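Step one of this worksheet: look at the structure below.
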Number of protein chains: 2
Amino acid sequence: MLTTEDLFNRVGIAMRFAKDEEIYGEGEAADHVYRMISGTVRTSRFMADGRRPIGDFYYKGDIFGLELGETHEMAAEALSDCAVMVARREAIIQLGGEKALQALVLESTALALTNAREHLSLLVRKSASERVASFLLGMARRGGDNPIELVMGRQDIADYLGLTIETVSRMITQLQGQGVVRFEGCRRFRICNRDALLELAAAA
Amino acid sequence: MLTTEDLFNRVGIAMRFAKDEEIYGEGEAADHVYRMISGTVRTSRFMADGRRPIGDFYYKGDIFGLELGETHEMAAEALSDCAVMVARREAIIQLGGEKALQALVLESTALALTNAREHLSLLVRKSASERVASFLLGMARRGGDNPIELVMGRQDIADYLGLTIETVSRMITQLQGQGVVRFEGCRRFRICNRDALLELAAAA
DNA sequence: CGTCCCGTTGACGTGAATCAAGGATAGTGG
DNA sequence: CCACTATCCTTGATTCACGTCAACGGGACG
């Protein structure tokens with residue numbers, strides 16, 4: 001059985017997207033599948049009232065763009081310059097059969113579900129400081145060791161956490177005041193006291 | 001190909017659970033799968049600080065208890081007296097092969113993802129009244145026509161919406177004041193002005 | 001050096017949480 | 001059938017966290 005990576009290497013083509021470039025739009029036909037090689041992508045939707053729910057952030061190795069329906073429910077945008085492998089659904093079926101696509105759908109859906117659940121618990125976990133603490137921990141988990149680079153701006157964080165940029169900013173300042181984290185410029189930080197941060201983020 | 005329902009009828013056994021009875025606990029081995037016949041089930045998790053995130057409510061025809069991992073991430077509890085078909089994972093594989101189980105996993109995961117997304121948009125959609133309006137609409141969608149019976153208490157609603165019971169109660173009172181819905185006792189209501197309710201629930 | 005964009009900070013208002021009673025309803029035992 | 005109690009729901013008063021509005025700061029770029 002081919003691994004997901006093999007599959008993409010065989011039938012996919014590499015593409016690069018510049019920062020802020022749109023990869024696909026909301027409502028477009030979803031006949032391609034994407035696999036991150038480097039950089040970060042964000043999916044989001046514009047709503048009439050200006051609120052902008054963020055679906056997810058995708059990092060190296062993640063699959064995205066594979067919808068259960070026919071069209072993309074959210075738009076995908078490059079948060080930083082990035083490289084992705086793009087494959088047509090058809091091509092995947094040709095190479096690996098229906099089974100390969102099904103496996104991919106399951107893998108992708110399962111990941112999305114896990115993320116959605118984590119996101120849910122972030123939003124239900126009410127206080128702003130808990131949300132920000134959890135978010136920073138999550139970034140640290142992905143981003144490897146200190147220092148950690150935030151690829152997204154404050155607005156993206158705010159949208160993701162259901163807060164405003166001012167509140168996010170204040171909470172970050174507060175966490176610094178408590179000596180838990182330390183920002184070096186506004187997009188890079190170090191965790192000074194992991195235990196305290198875990199404490200603040202509370203349960204999983 | 002067997003339908004999900006057939007599958008359960010062939011290898012499952014019918015069980016009844018009384019109101020408030022636990023169907024399985026958090027952390028237990030997840031080697032059974034459940035399909036609702038009647039009644040309502042809630043999944044939830046207890047957290048150290050007393051908050052209780054609710055995963056989902058399950059109604060007639062829904063599958064639950066099928067985890068991606070080895071153990072149940074949340075406990076399942078009967079909200080009302082209910083009947084379910086229970087099948088062992090092994091039995092499903094024996095009858096329908098790996099493929100049948102995979103299909104079931106995908107079906108179940110996809111549904112869970114859809115629900116989680118809907119739930120997310122409920123929580124990000126900020127105001128308390130919007131959340132309650134959306135919730136009541138959702139209940140109406142499932143519950144058929146007027147009048148609609150709420151199987152869950154205020155606490156469950158509050159947990160689900162990320163609010164307190166007092167706020168839920170106030171919002172309901174407010175919606176009644178606006179003549180949008182009308183409660184007949186605290187667990188049964190009618191929608192008087194569907195358009196206004198849709199308006200209040202806003203997008204999605 | 002000036003402009004733009006993004007992030008921070010402050011002052012203030014507001015919506016929901018909290019605290020605290022008070023009613024309604026259902027289940028229980030007489 | 002009716003008190004009696006336990007639960008659940010509603011309502012009011014108060015507090016507090018976060019949103020909003022507004023000004024300021026600082027780095028990137030021309």
Side-chain angles (χ1 to χ4, degrees), chain A residues 18-20 42 49-52 79-81 122-136 139 149-178 181-189 200 202, chain B residues 18-21 42 47 49-53 77 79-81 122-136 139 149-178 181-189 200 202:
Chain A
K19 182 164 147 57
D20 295 329
R42 174 196 66 203
D49 61 0
R51 283 178 278 186
R52 191 188 52 162
L79 271 181
S80 61
D81 291 349
L122 242 171
L123 290 174
V124 169
R125 177 182 306 153
K126 285 178 207 143
S127 96
S129 58
E130 283 170 322
R131 294 187 206 181
V132 172
S134 297
F135 181 81
L136 293 181
M139 289 299 108
E149 195 77 31
L150 288 180
V151 282
M152 65 291 287
R154 293 290 185 272
Q155 186 63 58
D156 286 322
I157 300 176
D159 288 338
Y160 189 75
L161 299 181
L163 300 169
T164 60
I165 56 172
E166 292 96 329
T167 301
V168 171
S169 181
R170 273 185 254 272
M171 293 307 117
I172 286 176
T173 305
Q174 182 182 308
L175 287 174
Q176 276 193 98
Q178 296 167 353
V181 298
R182 183 168 170 69
F183 271 73
E184 306 165 349
C186 62
R187 298 256 182 141
R188 175 195 295 267
F189 70 100
L200 288 167
Chain B
K19 182 165 147 59
D20 296 330
E21 199 173 341
R42 175 196 67 203
M47 288 178 53
D49 61 0
R51 282 177 282 185
R52 192 189 50 163
E77 194 179 344
L79 272 181
S80 60
D81 291 350
L122 239 172
L123 289 174
V124 170
R125 177 182 308 155
K126 289 181 206 140
S127 95
S129 58
E130 284 170 323
R131 294 186 206 182
V132 172
S134 298
F135 181 80
L136 293 182
M139 288 300 108
E149 195 78 30
L150 287 180
V151 283
M152 67 290 287
R154 294 289 186 272
Q155 186 63 59
D156 286 322
I157 300 176
D159 289 338
Y160 188 74
L161 298 180
L163 300 170
T164 60
I165 56 172
E166 292 97 328
T167 301
V168 171
S169 181
R170 274 185 251 271
M171 294 305 117
I172 286 176
T173 304
Q174 184 181 306
L175 287 174
Q176 276 193 100
Q178 296 167 355
V181 297
R182 182 167 171 69
F183 272 72
E184 306 165 350
C186 62
R187 298 258 183 137
R188 175 194 295 267
F189 70 100
L200 288 167

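Each chain gets a letter, A, B and so on, in the order its sequence line appears, and its residues count up from 1. This is a predicted model, so every value here is computed, not measured.
- Atoms CG (B:Leu175) and C1' (D:dT10) sit 15 Å apart, rounded to a whole Å.
- Between A:Leu123 and A:Tyr160 the shortest heavy-atom distance is CD2-O, 4.0 Å.
- Note on B:Ile172: nothing from the nucleic acid sits closer than 4.0 angstrom, heavy atoms only.
- For the pair B:Ala128 and B:Thr167, the tightest heavy-atom approach, listed with the atom from each and the gap, is CB-CG2, 3.7 Å.
- Side-chain atoms of B:Gln174 and B:Val132, non-hydrogen and from C-beta on, never get closer than 4.5 Å to each other.
- Regarding A:Glu184, its CD atom lies at a distance of 17 Å from the P atom of C:dG7, rounded to whole Å.
- For B:Thr173 and D:dT11, the shortest distance from a side-chain N or O to OP1 or OP2 is below 4.0 Å.
- For A:Thr167, the listed nucleotide lying nearest its side chain is D:dC18; candidates were C:dT9, D:dC18, D:dC9.
- The 5' end of DNA chain C is approached more closely, in terms of each residue's nearest nucleotide, by A:Met152 than by the other of A:Lys126 and A:Met152.
- Counting any heavy atom pair closer than 4.0 Å across all strands shown, B:Arg187 reaches sugar-phosphate atoms only and no base atom.
- Contact record, A:Cys186 with A:Leu150: O-CD1, 4.5 Å, taken as the closest heavy-atom pair.
- Not a single donor-acceptor pair, N or O on each side, falls under 3.5 Å between the base of D:dC9 and the side chain of B:Gln155.
- D:dC8 atom C1' lies 12 Å from atom CG of B:Asp156, rounded to whole Å.
- Put simply, CZ on A:Arg188 is 15 Å from C1' on D:dG27, counting in whole angstrom units.
- Rounded to whole Å, atom C1' of C:dT9 lies 14 Å from atom CD of A:Gln176.
- The B:Arg170 side chain lies nearest to D:dG12 when the options are D:dG12, D:dC18, C:dT9.
- Listed here is the closest heavy atom pair of A:Arg154 and A:Phe183: NH2-CE2, 3.9 Å.
- When rounded to the nearest whole Å, the span between CZ of B:Arg125 and C1' of C:dG15 equals 18 Å.
- Here the nucleotide nearest the side chain of A:Cys186, chosen from C:dG7, C:dT9, C:dA17, is C:dG7.
- Closest to the side chain of A:Glu166, out of C:dT9, C:dA16, D:dC18, is C:dT9.
- In this structure, A:Gln174 atom CD and D:dA17 atom C1' are separated by 11 Å, rounded to whole Å.
- Considering only the side chain of A:Thr164, D:dT20 comes nearest among C:dG7, D:dT20, D:dC18.
- For the pair B:Phe183 CZ and C:dA24 C1', the computed distance is 15 Å after rounding to whole Å.
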